[in-house]
Asker: 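I have a structure here, written as C-alpha cells, and I will follow up with some questions on it.
Order of the sequence lines fixes the chain letters, A, B, ..., with proteins taken first and strands second; residue numbering starts at 1 for each chain.
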Number of protein chains: 2
Amino acid sequence: MLAPGQALFRLGDPTAGVHEILRGQMQMVRVDASGREVVLYAAVAGEIFTEAALFSPIYHCDAITRTGATVRLYPKDKLLAEFRRNPQAAEAFMAILARQIMSLRTRIEQRNIRSAGDRARHFLALNTGTDGRTVLLRGNLKDLAAELGLTHEALYRALAGLAAKGEIKRFKNKIVLRDKAQLM
Amino acid sequence: MLAPGQALFRLGDPTAGVHEILRGQMQMVRVDASGREVVLYAAVAGEIFTEAALFSPIYHCDAITRTGATVRLYPKDKLLAEFRRNPQAAEAFMAILARQIMSLRTRIEQRNIRSAGDRARHFLALNTGTDGRTVLLRGNLKDLAAELGLTHEALYRALAGLAAKGEIKRFKNKIVLRDKAQLM
DNA sequence: CGGCGTTTTGAGAGAGCTCAACATCGGTGG
DNA sequence: CCACCGATGTTGAGCTCTCTCAAAACGCCG
C-alpha cells in the first residue's frame, strides 16, 4: 500500500522479488547524467513487474507511484526455490514471461503506426472476439486512447472516420468490424 | 536459410521450438477479419523469437521474411527436457526472457515520446557508457534513426538542435552529453 | 577521378496535439 | 420527478512538428 509520490524502491536497493500491481500505477524511473528523469516504463494494475529482479542483486531504477498503489510482493528466494523444486512452476512462470513479451511486441508494432485511424484499426483487428468481428470495449474511450497512445480527441475522430467509411459499426460497449462479406 | 518472401511457418502449424535469427529479418504477421495484414512484430538479426512457442501447440501467426534470413532452431522438446533436468538452464532462460521484457518496455516508453529531440535525448540518456556521459554509436545514423522510429532527417535535425543548445557534443562515432558540471 | 551511400539542409504538406466549446449520460439531491 | 453537476464523449479551429520529396555536401573505396 503506497501513497501518491511514494517510492517502492530506489536504484541500488537490494532486490526483493517480483511485484504485482493490485491497484494504481507504478513508474519505473531512471535519472540521467544531467539530472533529468527518464521513464522506463509505466505499469498499471494487473501487471507484474520487476521480473528481472529475480536475476539481479540490486534494482537498476526507481519505482515510484504518482497515483498511489497497492502492490503484492512475491519474495525472490521463495520463488527461485520453488522453481528449482518444481519444474512445472518454473515452466508456468516462463509462460507468463513469454506471453508478456508477445504482448509488448504487439504494442511496439502498434506504436510504430502513426496514423490514428490505422492504429485504431490495428488494435481492433487484434482484439476481436471469437467471431473475429466484434471487439468488446473494457473501459471508456479515454482510457483506450491512452492505451493506444493517442489523445482522446484523435481517437474519437479516428473512430468516427472508420464508421463513416463503413469499416466499423459502433455500439454501446462494443465495436463490430465489417468483414469481407459485409454482413454488418 | 530462407529466401526473400519465404515463410518459416504459418498460423496453425505445430510449434517447433525457439528460433534465433542469425541474419536478415523476420516479420510476425497476422491476417485480420477483413483480410488485411497486421504486423505483430519485426525481429532482426541477433534476436530470438517464438519463445511463446514453448507453451503453445500451434503458432498464432505467420512468420515471413522479406529480406531473406538465416534462422537457427532450438527444438522445443529438447529445451523443455533440459529445463526440467537442469533448473539452472531454466533460470538462465528466464533471465533471457526477463531481460527482453525490460528492453521491450524501454522501447515502448521511447516510442511514447513524440518529439524527435526528446526521443533522441531519451535514447542517449539510457545508452551512456560507464562515465555516464559518452554514448558510443554502433552503426550509422540512418540505422539509429530506424531504431528510434524516426526518419533520418528528423534525427539529424534533432541532434543538430541538441548540439546547438549545447546539450551534446558530436564526434566521429560517439556523442558526449553535457552533464550538470558542464565539464565538456 | 568517379560513383555510391551517408549526412545535411530546405521547402511544403499532412496529421495529430492543444485549447476550446458543446453534447450526452449517469448519478445525486431537493 | 426534475434540476443540477461532473465525467465522458464529440466537434471545431489553429499550430506545431514530423514526414515527404528534393537537392546538395561529404566521405569512402575502387
Asker: Treat each ILVMFWY residue as a node, draw an edge where side-chain heavy atoms are under 4.5 Å apart, and state whether Leu97(A) and Met102(A) are in one component.
Answerer: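 Leu97(A) does not cluster with Met102(A).
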
Asker: Return the value, rounded to whole Å, for the distance between atom CD1 of Ile113(B) and atom P of dC17(C).
Answerer: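 Going from CD1 in Ile113(B) over to P in dC17(C) covers 15 Å.
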
Asker: Measure from the side-chain heavy atoms of Ala160(B) and tell me the nearest of dG26(C), dT9(C), dT18(C).
Answerer: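 Of the candidates, dT9(C) comes closest.
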
Asker: If only side-chain N and O atoms of Lys172(B) are considered, is one of them under 4.0 Å from the OP1 or OP2 phosphate oxygen of dC28(D)?
Answerer: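 Checking Lys172(B) against dC28(D): at least one side-chain N or O falls below 4.0 Å of OP1 or OP2.
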
Asker: From the options dG16(C), dT10(D), dT8(C), select the nucleotide whose nearest atom is closest to the side chain of Tyr156(A).
Answerer: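 Of dG16(C), dT10(D), dT8(C), dT10(D) is nearest to the side chain of Tyr156(A).
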
Asker: Over how many whole Å does the gap from Leu159(A) atom CG to dT8(D) atom C1' extend?
Answerer: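 In whole Å, dT8(D) C1' and Leu159(A) CG are 14 Å from each other.
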
Asker: Under the 3.5 angstrom rule, does the side chain of Thr15(B) hit a backbone N or O of Gly17(B) as a donor-acceptor pair?
Answerer: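 Here the side-chain-to-backbone pair does not exist.
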
Asker: Suppose we screen for side chain to side chain donor-acceptor pair (under 3.5 Å). Which residues come up paired with Arg72(B), at least two apart in sequence or across chains?
Answerer: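 Residues passing side chain to side chain donor-acceptor pair (under 3.5 Å) with Arg72(B): Tyr74(B).
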
Asker: Starting at CG of Asp118(A) and ending at C1' of dC19(D), how long is that distance when rounded to a whole Å?
Answerer: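 About 15 Å, once rounded to whole Å.
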
Asker: Using Watson-Crick or G-U wobble pairs with both distances under 3.5 Å, give me DNA chain D in dot-bracket, 5' to 3', with [ ] for crossers and | for pairs to another strand.
Answerer: ||||||||||||||||||||||||.|||||

Asker: Can you measure Asn173(A) atom CG to dG9(D) atom P for me and round it to whole angstrom units?
Answerer: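 Interatomic distance, CG of Asn173(A) to P of dG9(D): 12 Å.
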
Asker: Is the distance between the ring centroids of Phe83(B) and Phe93(B) under 6.0 Å?
Answerer: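 For Phe93(B) and Phe83(B), the ring centres are under 6.0 Å apart.
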
Asker: Please tell me if Arg114(A) has a side-chain N or O lying less than 4.0 Å from either OP1 or OP2 of dT20(D).
Answerer: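 Indeed not, no polar side-chain atom of Arg114(A) lies that close.
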
Asker: For Thr151(B) and dC19(D), is the shortest distance between a side-chain N/O and OP1 or OP2 below 4.0 Å?
Answerer: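 Answer is yes, contact under 4.0 Å.
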
Asker: Looking across every strand, which nucleic acid part, if any, lies under 4.0 Å from Arg170(B) by heavy atom: base, sugar-phosphate, or nothing?
Answerer: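 Sugar-phosphate, no base atom in range.
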
Asker: Per the salt bridge (Lys or Arg N to Asp or Glu O under 4.0 Å) rule, which among Lys169(A), Lys165(A), Arg170(A) passes with Glu167(A)?
Answerer: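 By the salt bridge (Lys or Arg N to Asp or Glu O under 4.0 Å) criterion, Glu167(A) pairs with just one of Lys169(A), Lys165(A), Arg170(A): Lys165(A).
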
Asker: Nearest to the side chain of Ala154(A), which nucleotide is it out of dG16(C), dC19(D), dT8(C)?
Answerer: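 My answer, after comparing the listed nucleotides, is dG16(C).
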
Asker: Nearest-Å distance, CD (Glu153(A)) to P (dA15(C))?
Answerer: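 Taking atom P of dA15(C) as the reference, CD of Glu153(A) is at 18 Å.
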
Asker: Would you call Arg105(B)-Glu51(A) a salt bridge at under 4.0 Å N-O?
Answerer: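 So Arg105(B) pairs with Glu51(A) through a salt bridge.
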
Asker: Which whole-number value in Å describes the distance from Leu141(B) CG to dC26(D) P?
Answerer: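 Distance, rounded to whole Å: 17 Å.
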
Asker: For the pair Tyr59(B) and His19(B), name the ring-plane relationship: parallel under 30°, tilted 30 to 60°, perpendicular over 60°.
Answerer: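 Plane angle between 30° and 60°, so tilted.
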
Asker: Nearest whole Å is fine: how far is dC4(C) C1' from Lys142(B) NZ?
Answerer: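 To the nearest whole Å, that distance equals 11 Å.
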
Asker: Of the nucleotides dT7(C), dG27(D), dT18(D), which has the atom closest to the Asn140(B) side chain?
Answerer: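 The answer is dT7(C).
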
Asker: Can you tell me which nucleotide in dT18(C), dA11(C), dC25(C) comes closest to the side chain of Arg157(B)?
Answerer: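 Comparing dT18(C), dA11(C), dC25(C) against the side chain of Arg157(B), the answer is dA11(C).
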
Asker: How many Å lie between CG on Leu155(A) and P on dG16(C), as a whole number?
Answerer: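 Answer to the nearest Å: 11 Å.
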
